[in-house]
Structure formats: C-alpha cells, structure tokens
Amino acid sequence: MVLTIFETNKNTNAPLIRQILDLVPSWMLARCTEAHKSDKGRSRYKTFDQFVALTFGQLNKCFTLSDISTGIGVSETFISSLGLNQSPARSTMSDGNKKRNYKVFETLYDRLLSHYSHILSKRYQSHIIKEIEDRSIKLIDSTIISLCLSMFDWAKFRTAKGGIKIHTCWDDTMMIPDVVNITLAKLHDRYGLEQLVFAKGTIIVEDRAYFDFLLMLQRVKAENVFVTRIKTNTVYETIAELELPNDTDQDILRDEIIKLSGNKAIKTGIGEVRLRLVHVYKADENKIIEIITNQLDWTARTIADLYKKRWDIELFFKAIKQNLQIKTFVGTSKNAVKSQIYIALITYLLLQLIVRTIAKKKYAFSNFVEKIRICLTFCLTLYYVCNQVGEGAKKIRGKPQEELAFRTDLFS
C-alpha cells in the first residue's frame, strides 16, 4: 500500500513536509478529532493546524513557538502547500497547546500504528533469535525527561528537580512502541503501564524494576514468558544445575532451576513455581547479570539473547531524545508537554515508515533525520531524498549562472 503511493508519486510539486504529513490519512485525523471533540469552540486553530505546526516543529527542530510560526509563515505559497489558511501565531499555538486535549494525538498515534502495522512488521530489522523467531516479544522500560521545576511546577520529582517518565512497551516485531504512557517521574515503573500481562505465548523482557512476585504469578497463569533480572536480595533455593556447552557460550557461567523461598514469595504463591536462573558475564561492564525466567526448555543462549534485546528500546529512547523535540518543550502545561511527546512519537513512526519502505540502503536514524530536515521545505519527492540526495559536490550540467557581482559600497 505505502510502496504504491511512493512509487506513483515521484513528480509531486509539494514540499517534502507535505508529503510526510500526507502519510496520515485525513479521514483518520478527522475521526480522532470527532471522537475527542477537539475542534469544539475552535474556529481557526483546529486540530489539523496544531498537528501540522507541531510536526513541523519536530522535523525542523524548532525550540520555540516563535520558531514554528516564523518557519511556517515564510511565504503564502508554503502556508498553502501545508493545507493551512494562515500561519499560526505564537499566542494561538500557546492557547491550543494548553487547552486542546492531548488524547487526540495519543489516539492518532495508536490508530496510525494499527493502520501501518502490517507494513512495519514485514520490514523490521531486529536481530532474530532462531529458537523463538515466530514468537511475539514485548520489551518494557521507561525513560525520564528532566524538567525545570520553576517552569513545570506540576512535575515535581525531587526537592529541586522536576521530571516526567515515558513508560513504554516496545513491540519487537514492528520495532516501534505499541503502548506509551506519560506520568510524573516519581511514579514507580511497576505501575506505569496498565497492561503488563499479555496474550498467551507472549515473551516479556524487562529490567528488575518490574520484578514483582504477584505479577510473575499472573504471567505464569496467563502462559506468558517473562525474562528479567532478579533482585540482589531475593531468597531462593537451587533445585538443579543444568549442563552448559563446553566449546560455546563462554559468557554463560551458570544455568540452574530454582524456587523462590522467601516468605513473601511463598505467601504470594510464586514460591511453588519452578523457575530458571541464568548467570551471564557482561564483559563490557565486567559484571555478572542474573536473569530469571519461567521458561525451562529454551537454551541458556536464547535466554541471554532475549535479555540483550532490551538494548533495542534503549536505542529508541536515545534516538528520540537526540533527534526529535522531547527534551525542550514549547509549552509548560501538562497538556502541552504530552501533546508534544505524542506528536514526536507520530513523527518517529512516519520516519520509520519512510526509511523502511523507500530507502534502498540502511541509514543511521540520526543521519536520516538530518537529511529530511535539510530537504524539508524543498519540493523534492521522498524517493529522491531517500535515494538520490547524498554527500559530496554536485556539478551543474546546464549553462552555469552568471557570477555574482559584488558591489564595494553595498553597506554604504
């Protein structure tokens, strides 16, 4: 579906940003707008206008509302090309960020993800673990965004520090977050997502912040497979030690079947469940990681590699922090902050869609975003930007333009 659109749309005269915005079906945005009544009482700065403005801010790396207003208002032709009737004023955008419910953009992200899930799933670039290549894998983690407490007084984290936390469930098949929840930074990771138990057969990989006896038992009953780090003070008894291969997997030091024997584990009921503990040496940090799981049959290598997959979600956090605007906000209200983050997620989704379907070579995400940013306002096709715009000098093939004649009295 997407490839057809790209391949038949190579001669468009629209600026690059309009072609990116067009990947969001107009009917979908209209339905989200209607569902949340987000245009009610808004005669000029509608949901579409805010979406265009904030997306432009993400792609063009604008730090203030004035930057966005100036960038969009460079010419009437550009304003019209974006589908707007006028460029948004700074005060109008500020009011919209504060009052329009961020949930309209949260819903839009969810629907876009569902709309393009088949394409994203077919074109993922994740490392495949052979023993479980057809299984659904969810990576769960969170990241903290620091905020200035004097400006974001609702986001108190510590005595003199503010912050929010983006709780994320990463779908390993699509290689993109499928559940995101934004809370105050002080909320514990364990309570950041409503859904932590999934469909039968799902593999869940997470850090020890989610280590919880009751949650483990719920997942065992739901026939989920969890892979996480055991807390250092956890009491357990070893039932059996499994044999390790002699010539391979030298980083795996020990593989054992255990039962949790602490009072809380016994009271919860998880103490009756046979679990597995794999001890892995992490050379780059010179430490041993103890990975606990309820999967007793897979190889220790598979368990270790599953836990290593957590790096994918860490790379995602790094990518959006470095290349999109989720550290510097154009509004100080809770609603403005959440709206900007969800627009950043939509932007990330659209960029991933483009690079996976059009680009003929692999790009580092930062390099790809920079290329899009440079070409954003030019009337170049996505196909051309992805595959023909490159580094190095370009020679004019036709008749060269006349040399610029400099006047000595230019500033006199």
Side-chain angles (χ1 to χ4, degrees), residues 1-40 42 45-60 72 78-85 88 96 100-124 171 173-180 320 324 338-359 368-369 372 375-377 379-386:
M1 175 176 57
V2 176
L3 273 176
T4 304
I5 294 171
F6 290 153
E7 289 174 350
T8 57
N9 195 28
K10 293 184 180 181
N11 297 316
T12 180
N13 291 319
L16 189 69
I17 183 173
R18 178 57 192 259
Q19 297 171 58
I20 296 172
L21 291 169
D22 282 345
L23 294 176
V24 179
S26 56
W27 58 264
M28 186 182 293
L29 181 56
R31 288 181 185 178
C32 293
T33 301
E34 177 60 28
H36 293 279
K37 306 296 180 186
S38 56
D39 279 350
K40 187 177 180 181
R42 300 280 168 179
Y45 191 58
K46 296 185 178 295
T47 305
F48 173 78
D49 300 326
Q50 185 175 359
F51 173 67
V52 170
L54 291 181
T55 304
F56 177 84
Q58 290 291 335
L59 291 170
N60 208 33
I72 292 177
F78 186 64
I79 296 169
S80 178
S81 296
L82 292 177
L84 303 176
N85 294 320
R100 178 170 285 117
N101 194 334
Y102 74 90
K103 284 190 172 293
V104 66
F105 302 117
E106 180 183 18
T107 302
L108 180 60
Y109 176 75
D110 292 338
R111 294 188 181 182
L112 277 171
L113 191 62
S114 177
H115 184 66
Y116 288 120
S117 60
H118 180 64
I119 294 168
L120 292 169
S121 298
K122 286 177 66 176
R123 300 177 180 277
Y124 75 110
D171 186 275
T173 302
M174 292 189 290
M175 288 293 287
I176 204 164
D178 60 348
V179 181
V180 172
I320 59 172
L324 298 174
K338 290 188 176 184
S339 293
Q340 186 170 326
I341 291 174
Y342 279 110
I343 292 289
L345 289 169
I346 292 170
T347 305
Y348 180 83
L349 188 156
L350 297 178
L351 291 173
Q352 285 295 323
L353 187 65
I354 293 165
V355 78
R356 296 187 204 181
T357 54
I358 299 183
F368 177 70
V369 174
I372 292 290
C375 300
L376 196 62
T377 58
C379 294
L380 303 170
T381 64
L382 285 165
Y383 185 90
Y384 178 83
V385 171
C386 288

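Note that the structure is a prediction, hence the values are computed from the model and not measured.
- Using a distance-only test at 3.5 Å, with no hydrogens or angles considered, no donor-acceptor pair links the side chain of Y348 to the main chain of I176.
- Two residues are said to be in side-chain contact when any heavy atoms from C-beta on lie closer than 4.5 Å; M175 and Q352 fail this criterion.
- Taking each heavy atom of L29 and F51 in turn, the nearest pair found is CD2-CD2, 4.3 Å.
- In this structure a side-chain-to-backbone donor-acceptor pair under 3.5 Å is missing from D39 to K46.
- Here the side chain of S117 pairs a donor or acceptor atom with the backbone of S114 at under 3.5 angstrom.
- For the pair R18 and S81, the tightest heavy-atom approach, listed with the atom from each and the gap, is NH1-O, 2.8 Å.
- A heavy-atom distance below 4.5 Å is found between the side chains of L108 and C32.
- With contacts defined as side-chain heavy-atom distances shorter than 4.5 Å, the pair V180/Y342 qualifies.
- Proximity of D49 to R42: side-chain heavy atoms (C-beta onward) are nowhere separated by under 4.5 Å.
- We find the CD1-CD1 distance between I372 and I17 to be 10.5 Å, quoted to the nearest 0.5 Å.
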- Task: Please step through side chain to side chain contact (heavy atoms under 4.5 Å, CB included) for the pair T47 and H36, ending with a clear verdict.
- Result: CA-CA 10 Å; T47 305; H36 293 279; over 6 Å; no
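- The CD1 atom of I346 lies 6.0 Å from the CG atom of L112; values are rounded to the nearest 0.5 Å.
- Contact check for I341 versus F105: no side-chain heavy atoms found under the 4.5 Å cut-off.
- Among all heavy-atom pairs drawn from A53 and P88, the shortest one is CB-CG, 4.2 Å.
- Note that the CD1 atom of I343 and the NZ atom of K338 stand 15.0 Å from one another [nearest 0.5 Å].
- Without hydrogens or angle criteria, R100 side chain to Y45 main chain gives a donor-acceptor distance under 3.5 Å.
- The CG atom of L16 lies 8.5 Å from the CG atom of L59; values are rounded to the nearest 0.5 Å.
- Checked by atom type and distance alone, the side chain of Y116 pairs as donor or acceptor with a backbone atom of L23 at under 3.5 Å.
- The shortest non-hydrogen separation linking F48 to G83 is CE2-O, 3.5 Å.
- Between the CD1 atom in I20 and the CD1 atom in I354 there is a gap of 4.5 Å [rounded to 0.5 Å].
- When atom types are taken as modelled, the side chain of Q19 and the backbone of L382 share a donor-acceptor pair closer than 3.5 angstrom.
- Ionic pairing of E34 and R31 is not present here: no N-O contact between side-chain nitrogen and carboxylate oxygen is shorter than 4.0 angstrom.
- Nearest heavy atom pair, residue V385 against residue L380, reads CG2-CB, 3.8 Å.
- Rounding to the nearest 0.5 Å places OH of Y109 at 11.0 Å from OG1 of T347.
- The two residues L120 and R356 have their closest heavy-atom pair at O-NH1, 3.4 Å.
- Using a 30° and 60° split on the angle between ring planes, W27 and H115 fall in the perpendicular class, above 60°.
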